[in-house]
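Shown next, in structure tokens, is the structure this report addresses.
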Amino acid sequence: MSVRTRFAPSPTGYLHVGGARTALFSYLFARKHGGQFVLRIEDTDLERSTAESVNAILEGMTWLGLDYDEGPFYQTERFDRYNQVIDELLARGLAYRCDCPKERLDRLREDRMARRLKPRYDGHCRGNAVDPDRPHVIRFKNPEEDVVVVDDMIRGRVVFSNAELDDLIIRRSDGAPTYNLTVVVDDADMAITHVIRGDDHLNNTPRQINILRALGHEPPRYAHLPMILGGDGTRLSKRHGAVSVVAYRDHGYLPEALLNYLVRLGWSHGDQEIFSVEEMIELFDIGAVNKAAASFDTDKLDWLNQQYLQRADPARIARLLSPHMGRLEIDPSSGPDLVDVVKAQAARAKTLTELAEISAFVYRDFEAFDEVSAKKHLRPVAREGLERLRAAFELMAYEDWTADGLRHVVEGVAEELGTNMGKVAQPLRVAIVGRAASPGIDETLMLVGKDATLRRIDTALAFIAARAGTE
RNA sequence: GCUCCCUUCGUCUAGUGGUUAGGACGCUGGCCUCUCACGCCGGUAACAGGGGUUCGAAUCCCCUAGGGAGCGCCA
């Protein structure tokens with residue numbers, strides 16, 4: 001039988017990193033075994049499910065490249081099927097109608113809590129003939145004896161006693177089926193062989209297995225993934241900044257970097273840190289996934305993103321960078337090829353957003369010198385060097401404005417002055433970039449171009465003069 | 001409260017009875033160097049606690065502590 005996994009989010013929010021990792025692991029497992037990966041939208045909670053959420057989830061999946069073979073299937077479109085199954089359970093005496101009033105249920109709950117017991121429905125209506133025409137819910141008749149064994153691919157053997165379980169509601173009084181029923185029917189109908197999901201579902205699993213068995217199905221294999229915690233070790237939430245995967249895209253992260261980060265959360269392969277998707281598929285082993293929850297560490301994600309920024313095709317990075325330049329109101333087509341900028345800058349940024357910020361100087365004059373840099377490098381002693389450089393640059397023809405030619409000019413001026421490169425290049429760098437960090441001075445000059453270089457040196461000389469006057 | 005799950009550097013992890021407890025991020029010292037970054041070399045830092053079992057425990061067992069999940073006409 002071919003392997004079939006599924007990702008089954010409920011559309012009550014965006015796709016967050018925890019969900020994305022669950023989807024990734026399901027995807028990898030299916031791909032590794034040559035099986036299928038199914039997307040199912042669990043939207044039976046009409047109150048909280050929204051179309052925007054569905055779109056956000058699909059958008060996140062697409063951005064990450066987690067392509068599914070079937071779906072998206074929507075549970076709201078399968079109510080007839082669920083009801084058919086519930087009726088069958090009812091007819092076979094495996095489920096029953098219950099009209100216990102809320103007050104009775106509340107009292108039961110309080111009673112049991114007071115007696116230090118787990119709140120649990122007592123099966124009061126099991127033998128009652130409840131009028132089908134009066135308001136009621138349908139409960140599944142859970143076995144009272146024995147145990148249910150979950151042979152989890154990550155947790156190992158987990159045993160639950162049926163005495164701990166109660167007769168759960170499978171159809172609400174409004175006629176809508178509930179989660180534990182729909183999951184089971186869908187996983188069976190969709191021939192899911194491996195259920196990979198968050199470990200918040202581990203406690204639901206014995207109930208689902210019981211329903212599955214009542215329906216005459218063999219349960220699938222289960223793998224319950226540990227949760228992902230925020231950087232402070234608490235549950236992931238909006239407090240932790242960008243929790244939506246699409247927000248990571250907007251903040252300038254590469255999908256392959258996020259995927260790589262996520263796959264290493266709870267899983268590893270020796271000392272390897274960098275994995276392409278192809279490698280993940282080849283090496284991923286669900287049985288080797290950790291049991292303990294992991295904390296999300298933005299610093300490490302940043303490092304990975306920088307690694308990918310350096311290694312990726314510059315042309316592709318340039319395309320992705322363009323909108324980030326746009327956000328700074330810069331039109332890259334107005335200046336040097338963005339691909340050249342990417343080649344010069346890629347190793348210097350952690351995100352596309354940062355890459356755009358540190359590259360803005362190529363396309364437009366900066367507004368003010370970085371205070372610390374200017375104080376250190378734009379001093380009267382730098383004046384003569386800048387003047388000589390300016391004179392030399394002015395004499396250069398536009399077609400000679402090359403990295404090699406520019407480096408010779410700067411080196412030449414340093415030699416004339418009998419000083420080292422740093423004494424000449426740093427003031428020049430601050431003059432044309434605005435701060436003391438940029439690619440090599442030759443590359444930097446080349447990207448900025450002759451006109452802007454001369455203009456900015458003039459500005460810097462004026463700055464030095466003004467400063468000399470006030471001191 | 002009850003049931004289930006979890007526990008190695010700050011963080012992600014390797015480790016399956018004998019290791020100087022390894023790697024990565026971060027932090028940090030240095031090298032490279034026209035700056036920053038990259039890269040390279042080095043440092044910092046962990047087996048939650050207590051009992052067992054064993055010649056020998058991070059590894060096996062028990063207890064405690066701490067954390068998490070579930071106990072819904074949410075999923």
Side-chain angles (χ1 to χ4, degrees), chain A residues 8-12 42-45 47-49 75 98 102 105 109 112-121 135-139 150 152 155-156 158-161 163-166 168-176 178-180 182-183 198-207 224 226-227 229 231 233-235 261 264-274 290-304 306-307 310 345-350 358 373 377 407 410-411 414 420-430 433 435-442 444:
Chain A
S10 61
T12 54
E42 309 217 322
D43 53 354
T44 53
D45 184 352
E47 305 276 304
R48 297 194 301 151
S49 300
Q75 292 193 319
C98 166
K102 189 172 184 303
L105 265 19
R109 185 189 163 77
R112 293 188 58 95
M113 285 289 266
R115 285 158 56 207
R116 309 184 135 213
L117 294 170
K118 178 190 285 197
R120 196 173 156 278
Y121 181 64
H136 66 274
V137 299
I138 310 285
R139 288 183 185 272
V150 179
D152 194 276
R155 305 280 136 142
V158 185
V159 182
F160 295 86
S161 169
E164 293 294 332
L165 275 24
D166 63 358
L168 81 180
I169 293 170
I170 54 177
R171 179 154 71 200
R172 304 183 180 99
S173 50
D174 65 1
T178 61
Y179 167 74
N180 280 297
T182 60
V183 170
D199 72 5
D200 46 336
H201 288 293
L202 183 56
N203 287 294
N204 286 323
T205 307
R207 298 168 172 286
H224 287 95
M227 311 253 84
L229 273 21
T234 63
R235 197 174 176 151
Y261 179 71
R264 281 286 288 99
L265 229 40
W267 177 78
S268 62
H269 179 75
D271 289 340
Q272 189 170 344
E273 294 288 349
I274 309 282
N290 270 178
K291 295 173 180 163
S295 297
F296 196 91
D297 180 15
T298 306
D299 283 338
K300 188 146 187 184
L301 204 215
D302 283 349
W303 174 77
L304 271 169
Q306 183 170 35
Q307 294 293 313
Q310 288 181 64
Q345 295 275 51
R348 293 180 167 77
K350 292 176 160 57
I358 64 170
S373 304
H377 298 291
R407 190 170 54 252
V410 180
E411 281 168 357
N420 57 41
M421 266 292 269
K423 289 282 195 300
V424 176
Q426 278 305 82
L428 176 58
R429 171 171 283 113
V430 176
V433 179
R435 50 201 168 77
S438 84
I441 195 68
D442 46 356
T444 302

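Computed over heavy atoms, backbone and side chain alike; hydrogens, waters and symmetry mates excluded. In what follows, chains carry the letters A, B, and so on, assigned in the order in which the sequence lines appear, proteins first and then strands, with residues in each chain numbered from 1.
- Considering only residues two or more places apart in sequence or on other chains, A/A437 meets the side-chain contact (heavy atoms from CB on, under 4.5 Å) condition with A/R435.
- Looking at A/K300 and A/E273, a side-chain N of the basic residue comes within less than 4.0 Å of a carboxylate O on the acidic one, giving a salt bridge.
- The residue A/A292 sits close only to the backbone: its heavy atoms come under 4.0 Å of sugar-phosphate atoms, none of a base.
- Note: CG (A/L265) to P (B/C12) measures 8 Å, nearest angstrom.
- Here the P atom of nucleotide B/C36 and the NZ atom of A/K350 are 14 Å apart, to the nearest Å.
- A/P439 comes within contact range of at least one nucleobase, with a heavy-atom separation under 4.0 Å.
- Contact annotation for A/R109: backbone-only contact, meaning every heavy-atom pair under 4.0 Å involves sugar-phosphate atoms and none involves a base.
- Nucleic acid contact for A/G198: none, since no nucleic acid atom lies under 4.0 Å from a heavy atom of the residue.
- When heavy atoms are screened at a 4.0 angstrom cut-off, A/T44 is found touching the sugar-phosphate backbone but no base atom.
- Listed nucleotides B/A24, B/A37, B/A69 differ in distance to A/Q306; the shortest reach to its side chain belongs to B/A37.
- Residue A/Y261 is out of contact with every strand shown, counting any heavy-atom pair closer than 4.0 Å.
- The two residues A/L165 and A/P206 come nearest to each other via the heavy atoms CD2-CB, 4.0 Å.
- Here B/G39 presents its P atom at 13 Å from CD of A/E273, a figure rounded to the nearest Å.
- Considering only side-chain atoms of A/Y179, the nucleotide from B/A75, B/C73, B/G1 that sits closest is B/A75.
- Across all strands shown, A/Q345 has no heavy atoms under 4.0 Å from either base or sugar-phosphate atoms.
- For A/D302 and A/K350, the salt-bridge test fails: no basic side-chain N is under 4.0 Å from an acidic carboxylate O.
- Whole-Å rounding puts the A/W303 CH2 to B/A24 P distance at 9 Å.
- Within the 4.0 angstrom heavy-atom criterion, only backbone atoms of the sugar-phosphate kind lie near A/S268; the bases stay farther away.
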